[in-house]
Protein chains: 2
Amino acid sequence: MTTTHRSPALVADSVEAAVEALRERGLRASAARRLVLEALFGAEGPLSAERLAEGLEGRLPRSDLASVYRNLETLEEVGLVRHVHLGHGPGLYALAAPEHEYLVCESCHAVRSVAKEELDEIRGQVLERFGFEARFTHFPLVGLCPDCIEESRDHEGGPNAHP
Amino acid sequence: MTTTHRSPALVADSVEAAVEALRERGLRASAARRLVLEALFGAEGPLSAERLAEGLEGRLPRSDLASVYRNLETLEEVGLVRHVHLGHGPGLYALAAPEHEYLVCESCHAVRSVAKEELDEIRGQVLERFGFEARFTHFPLVGLCPDCIEESRDHEGGPNAHP
DNA sequence: ACGTAATTGCGAGTCGTTCGCAAAAACTAG
DNA sequence: CTAGTTTTTGCGAACGACTCGCAATTACGT
């Protein structure tokens with residue numbers, strides 16, 4: 001997770017296609033490499049390196065954690081993989097996919113992922129007001145989710161508010 | 001930095017006022033405690049626990065890192081202190097102040113802090129679209145700052161774009 | 001000044017991640 | 001297929017940012 005300059009995303013649609021992309025850059029298709037690729041292709045959401053190394057609860061052979069990290073890093077350099085930091089806890093990795101961004105609830109840690117375009121209007125506002133181009137792909141937009149807003153409304157002040 | 005439920009901010013305007021607030025809660029005004037308070041009152045921006053413990057490059061006596069963390073935690077529970085996670089690197093602590101939020105550049109790591117109200121319109125948009133109440137106080141809004149937008153525009157494609 | 005609970009300082013431990021390095025693959029050339 | 005060259009692996013150790021246990025202090029109420 002070294003702060004490497006973000007390379008353009010490279011969306012592969014199969015392990016073999018990804019391996020091909022690696023070969024084109026003079027990288028080798030080692031077993032360990034294929035393994036993390038397979039895991040990511042079979043995954044629902046983003047995964048921690050730890051879980052990858054552990055073989056996804058037995059669904060794949062386990063491998064060395066340091067190697068998993070190294071492979072994730074090189075796959076990320078190639079553009080095949082991206083990672084997010086959803087709050088505390090380990091970084092989470094996923095295949096590069098048509099861009100989406102994350103919203104995370106600070107209170108219950110619920111994660112919602114939305115298509116990039118859904119945030120474009122907000123991005124426009126931020127750009128206009130601050131000159132910043134907001135990106136919620138690597139670090140999410142953090143806040144309170146609907147449920148937790150409601151919950152905090154319930155508790156706020158409690159029975160003795162404004163006595 | 002345990003995930004403690006955020007207590008309401010308590011803005012003190014001097015070390016003594018802060019100490020008073022501690023006393024009211026049955027907490028003691030130890031030397032170590034005063035020290036971090038003094039450091040924070042004299043600080044420009046948010047500081048890491050490490051820097052606090054090291055005595056701010058000799059401007060204050062150095063103290064024990066674990067105690068600094070514990071004190072920051074209790075001060076935060078009281079509401080006198082807040083911390084932010086500006087990207088990778090350690091959490092940064094500051095006195096609770098009239099609310100402001102952070103924008104951080106993912107590329108050059110520049111930090112801009114803005115008054116809460118400046119983000120209210122954007123917050124409104126996010127709430128409307130996603131039901132999330134965005135908060136950029138604990139985790140910042142991450143993106144590209146004006147300079148880095150321009151820089152990326154310059155390099156994009158380069159001399160051989162669309163050959 | 002005394003007793004007692006809050007705090008400190010220290011060392012050790014944890015979690016997430018990175019590094020060094022020799023041994024083991026992978027690709028390439030012959 | 002065999003060697004040679006380079007990449008990659010697997011292991012253990014190290015690192016940064018914290019957190020914890022615990023005996024020794026210290027702050028405060030009386």
Side-chain angles (χ1 to χ4, degrees), chain A residues 1-4 15-16 18-37 39 46-55 60-78 80-81 83-93 138-139, chain B residues 1-4 15-16 18-37 46-55 60-78 81 83-93 138-139:
Chain A
M1 221 151 52
T2 326
T3 302
T4 315
V15 174
E16 282 316 312
V19 165
E20 192 44 41
L22 291 177
R23 287 240 168 72
E24 272 162 28
R25 273 142 252 241
L27 294 166
R28 297 180 182 179
S30 68
R33 208 103 94 186
R34 276 192 146 82
L35 225 56
V36 344
L37 248 7
L47 299 173
S48 70
E50 185 86 48
R51 254 165 63 74
L52 263 320
E54 248 138 41
L60 282 173
R62 50 175 56 219
S63 42
D64 179 61
L65 183 57
S67 299
V68 170
Y69 272 112
R70 277 182 301 226
N71 280 326
L72 288 170
E73 194 187 338
T74 74
L75 291 171
E76 195 153 8
E77 263 155 30
V78 170
L80 287 164
V81 164
H83 77 269
V84 224
H85 296 279
L86 304 181
H88 302 139
L92 301 178
Y93 296 78
H138 183 201
F139 290 104
Chain B
M1 218 152 53
T2 327
T3 303
T4 316
V15 175
E16 281 317 311
V19 166
E20 193 43 41
L22 291 177
R23 287 238 169 73
E24 272 162 29
R25 271 141 252 241
L27 295 165
R28 298 182 181 177
S30 68
R33 208 104 95 185
R34 277 192 146 81
L35 224 56
V36 345
L37 246 11
L47 299 173
S48 70
E50 185 85 46
R51 251 163 65 73
L52 262 319
E54 250 138 40
L60 283 173
R62 48 176 59 220
S63 43
D64 179 60
L65 183 57
S67 299
V68 169
Y69 272 112
R70 277 181 302 224
N71 280 326
L72 287 169
E73 194 186 338
T74 73
L75 291 172
E76 195 152 8
E77 262 153 32
V78 170
V81 163
H83 76 268
V84 224
H85 296 280
L86 304 182
H88 301 137
L92 301 178
Y93 296 78
H138 183 199
F139 290 104

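Chain A is the first sequence line, chain B the second, and so forth, proteins listed ahead of strands; every chain is numbered from 1.
- Of the candidates dA6(C), dA17(D), dC19(C), dA17(D) carries the atom nearest the Y69(B) side chain, counting heavy atoms from C-beta on.
- Spacing between atom CZ of R23(A) and atom C1' of dA26(C) amounts to 9 Å, rounded to whole angstrom units.
- Listed nucleotides: dG10(D), dT8(C), dT7(C). Nearest to the side chain of S67(B): dT8(C).
- Between the P atom of dT18(C) and the NE2 atom of H83(A) lies a distance of 9 Å, rounded to the nearest Å.
- R25(A) contributes a side-chain N or O that, together with a main-chain N or O of A21(A), makes up a donor-acceptor pair within less than 3.5 Å.
- Residue D64(B) places its side chain closer to dG9(C) than to any other of dT9(D), dA6(C), dG9(C).
- Going from atom CD of E50(A) over to atom P of dT18(C) covers 13 Å, rounded to whole Å.
- When rounded to the nearest whole Å, the span between CG of L92(B) and C1' of dC18(D) equals 14 Å.
- Side-chain contact between R51(B) and Y93(B): absent, with no pair of heavy atoms (C-beta onward) separated by less than 4.5 Å.
- Remark: the R51(A) side chain and the dG16(C) base include no donor-acceptor N/O pair separated by less than 3.5 Å.
- What separates CG of N71(B) from P of dT19(D) is a distance of 13 Å, to the nearest Å.
- Annotation: side chain of L22(A) is not in contact with side chain of R28(A) (no heavy-atom distance under 4.5 Å).
- The side chain of S30(B) contributes an N or O atom lying less than 4.0 Å from OP1 or OP2 of dT8(C).
- Along DNA chain D, the nucleotide nearest A31(B) and the nucleotide nearest A31(A) are compared for position; the residue whose nucleotide lies closer to the 5' end is A31(A).
- With hydrogens and angles ignored, no donor-acceptor pair closer than 3.5 Å exists between the side chain of R62(B) and the base of dG9(C).
- At a cut-off of 3.5 angstrom, the base of dG9(C) holds at least one donor-acceptor pair with the side chain of R70(B).
- Contacts of L65(A) with the nucleic acid, taken as non-hydrogen atoms under 4.0 Å apart, include base atoms.
- Between R70(B) and V36(B) the shortest side-chain heavy-atom distance does not fall below 4.5 Å.
- Backbone-only engagement by G89(B) is indicated by non-hydrogen atom pairs under 4.0 Å involving sugar-phosphate atoms exclusively.
- One interatomic measurement links the two molecules: CZ of R25(A) to C1' of dT7(D), which rounds to 17 Å at whole-angstrom precision.
- Considering only heavy atoms from C-beta on, L37(A) stays 4.5 Å or farther from N71(A) through its side chain.
- When rounded to the nearest whole Å, the span between CZ of R28(A) and C1' of dA26(C) equals 5 Å.
- The distance from atom CD of E54(B) to atom P of dG16(D) is 12 Å, rounded to the nearest whole Å.
- In the set dC18(D), dC28(D), dT18(C), the nucleotide with an atom closest to the side chain of A66(A) is dT18(C).
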